[in-house]
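Structure first, commentary second.
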Protein chains: 2
Amino acid sequence: MKKKVQDLSTEEKIKEAARKIFTKKGYAATRTRDIAEESGINLALLNYYFRSKEKLFELVMLENFGAFISNVKELVNNTETSLEQKIENIVEFYINQLLVNPDLPLFVMNEIRSNSKLLKTKINKDIFLKSHFIQQLSAQLKKQGKGDVNPVHYLMNVLGMTIMPFIIGPLIIEIGMLKPQEFEKAMMERKKLIPIWIKTLLQLK
Amino acid sequence: MKKKVQDLSTEEKIKEAARKIFTKKGYAATRTRDIAEESGINLALLNYYFRSKEKLFELVMLENFGAFISNVKELVNNTETSLEQKIENIVEFYINQLLVNPDLPLFVMNEIRSNSKLLKTKINKDIFLKSHFIQQLSAQLKKQGKGDVNPVHYLMNVLGMTIMPFIIGPLIIEIGMLKPQEFEKAMMERKKLIPIWIKTLLQLK
DNA sequence: GTCTATAAAGTGATAGAC
DNA sequence: GTCTATCACTTTATAGAC
């Protein structure tokens with residue numbers, strides 16, 4: 001099932017280049033010529049292998065979107081882990097992903113806006129709303145005497161604290177607020193800090 | 001200085017339409033023909049008034065970006081307000097802005113990535129780093145015995161908690177996690193909740 | 001499978017009539 | 001100022017040779 005490692009096939013080379021450029025620049029701003037050049041192949045081969053720019057994009061899109069929510073499904077529905085552990089796992093998973101691929105959030109959010117049909121098949125409210133994670137959150141809020149607060153607020157808090165720094169990262173670095181190394185260091189710190197903060201808000205431990 | 005209200009001038013109509021479409025779709029995905037149609041005028045007039053698509057975009061971009069950080073400068077540098085009050089003011093200002101113009105964050109973040117020169121003139125690290133807000137944050141962290149924690153973390157937290165829900169808003173609504181009215185209600189709630197959460201983390205009051 | 005050449009369509013911009 | 005028609009160029013996609 002696995003391709004040989006030594007050299008990527010032409011098909012793979014194109015897909016890899018497409019992933020890189022689409023993710024960075026978005027659909028409209030990417031030219032098929034850019035992809036051909038980046039992958040070192042001929043423009044005609046793109047259409048030979050993938051029929052059209054749009055088909056190629058959909059492929060990349062699905063893979064990117066998958067990467068963005070993939071393992072999270074399992075993390076939030078693992079009935080073996082405590083609420084504390086889930087928070088730690090989710091934060092660590094996302095930050096690790098985003099350190100490698102910081103352009104992902106903006107790409108996903110952008111293409112969701114212009115392409116909302118496709119995600120309906122990939123994600124639905126049950127993934128999060130009926131997840132073990134939300135159940136645990138609700139229980140904890142009730143225990144705190146905050147049964148009237150929608151647990152979705154805390155999901156937003158975790159995602160906001162975790163993902164937002166990567167979205168504004170280029171700005172933070174560009175204006176010199178943090179140097180690239182300092183930014184990365186701060187993100188590593190946040191793996192530990194965010195769970196502590198969220199636990200504080202939930203009066204856990 | 002102010003234009004008559006009754007009917008917008010052709011120039012204003014074009015700018016209004018451009019703002020709307022550029023903000024929603026980004027630069028590359030926007031066609032000058034879309035703008036012309038949206039504003040109900042002729043394509044040639046766009047170039048007559050604004051010379052080129054790019055000039056028109058820069059105008060819109062500057063205004064949008066201005067709206068995004070404008071008053072924040074004053075809020076974070078007001079030496080008359082306490083740390084608590086600043087947090088409340090910043091959160092309320094952003095949420096009010098974003099309820100009216102939810103596409104703004106994604107637009108700004110996108111165009112920053114492809115156009116980073118322009119923002120250097122509009123924003124610099126001193127606005128935030130040397131702000132009264134950061135000074136107050138540092139002082140409070142020191143008081144907490146957390147003088148080693150970079151106050152920028154808390155800036156990220158406020159922005160993440162405040163802005164992120166609007167970025168993932170379309171997704172939240174699309175998958176049915178919240179209905180549009182529920183989402184708006186949740187955002188109103190967050191005006192009160194976020195300051196409370198941040199104060200808790202800072203052991204304020 | 002891979003290339004060159006070119007068709008076909010799209011898009012920003014302008015000339016020129018009114 | 002506003003319009004129609006059209007140019008000039010870019011970009012996606014394909015035909016056809018190798």
| Position toward the 5' end of DNA chain D (nearest nucleotide), A:A44 or A:R31 | A:R31
| Sugar-phosphate only, base, or nothing, as touched by A:L46 at under 4.0 Å among non-hydrogen atoms | nothing
| remark: When rounded to whole Å, the CG to C1' distance for the pair B:N47 and D:dA8 reads 14 Å
| said: So, OP1 or OP2 of C:dT2: does either fall under 4.0 Å of a side-chain N or O from A:T10? | reply: yes
| field | Rounded distance in Å - NZ (A:K55) to C1' (D:dA13) | value | 14 Å
| request: Please report, rounded to the nearest Å, how far the P atom of C:dT11 is from the CD1 atom of B:I21. | output: 13 Å
| said: Please confirm whether the shortest side-chain N or O distance from B:T32 to OP1 or OP2 of C:dG12 is below 4.0 Å. | reply: yes
| Side-chain heavy atoms of A:M161 within contact of B:M161, under 4.5 Å | yes
| task | Give a yes/no on whether any side-chain N or O of A:Y48 is located under 4.0 angstrom from OP1 or OP2 of C:dC3. | result | no
| request: State, with a plain yes or no, whether a side-chain heavy atom of B:E189 is found less than 4.5 Å away from one of B:K185. | output: yes
| message | From CD1 of B:I41 over to C1' of C:dA13, roughly how many Å is that when rounded to an integer? | response | 13 Å
| Angle class for the A:F22/A:F57 ring planes (parallel below 30°, perpendicular above 60°, tilted otherwise)? | perpendicular
| field | Side-chain N,O (B:N42) to OP1/OP2 (D:dT4) below 4.0 Å | value | yes
| task | Check B:I95, B:L104, B:D103, B:I172 against B:F166 for a side chain to side chain contact (heavy atoms under 4.5 Å, CB included) and give me the one that passes. | result | B:I95
| query | At under 4.0 Å, does any side-chain N or O of B:R33 touch on OP1 or OP2 of C:dT11? | reply | no
| note | Here the distance between atom C1' of D:dT11 and atom CG of A:D34, to the nearest Å, is 11 Å
| request: Quick one: label A:Y49 by what it contacts on the DNA or RNA (base, sugar-phosphate, nothing), any heavy atom closer than 4.0 Å. | output: sugar-phosphate
| message | How many whole angstroms separate atom CD of B:E12 from atom C1' of D:dG1? | response | 16 Å
| message | A quick test of your reading: do over 12 heavy atoms of other residues, nucleotides or ligands sit less than 6.0 Å from NZ of A:K199? | response | yes
| said: In this structure, how many angstroms lie between the C1' atom of C:dT11 and the NZ atom of B:K25, rounded? | reply: 13 Å
| task | Provide, to the nearest angstrom, the distance between the CG atom belonging to B:L45 and the C1' atom belonging to D:dT2. | result | 5 Å
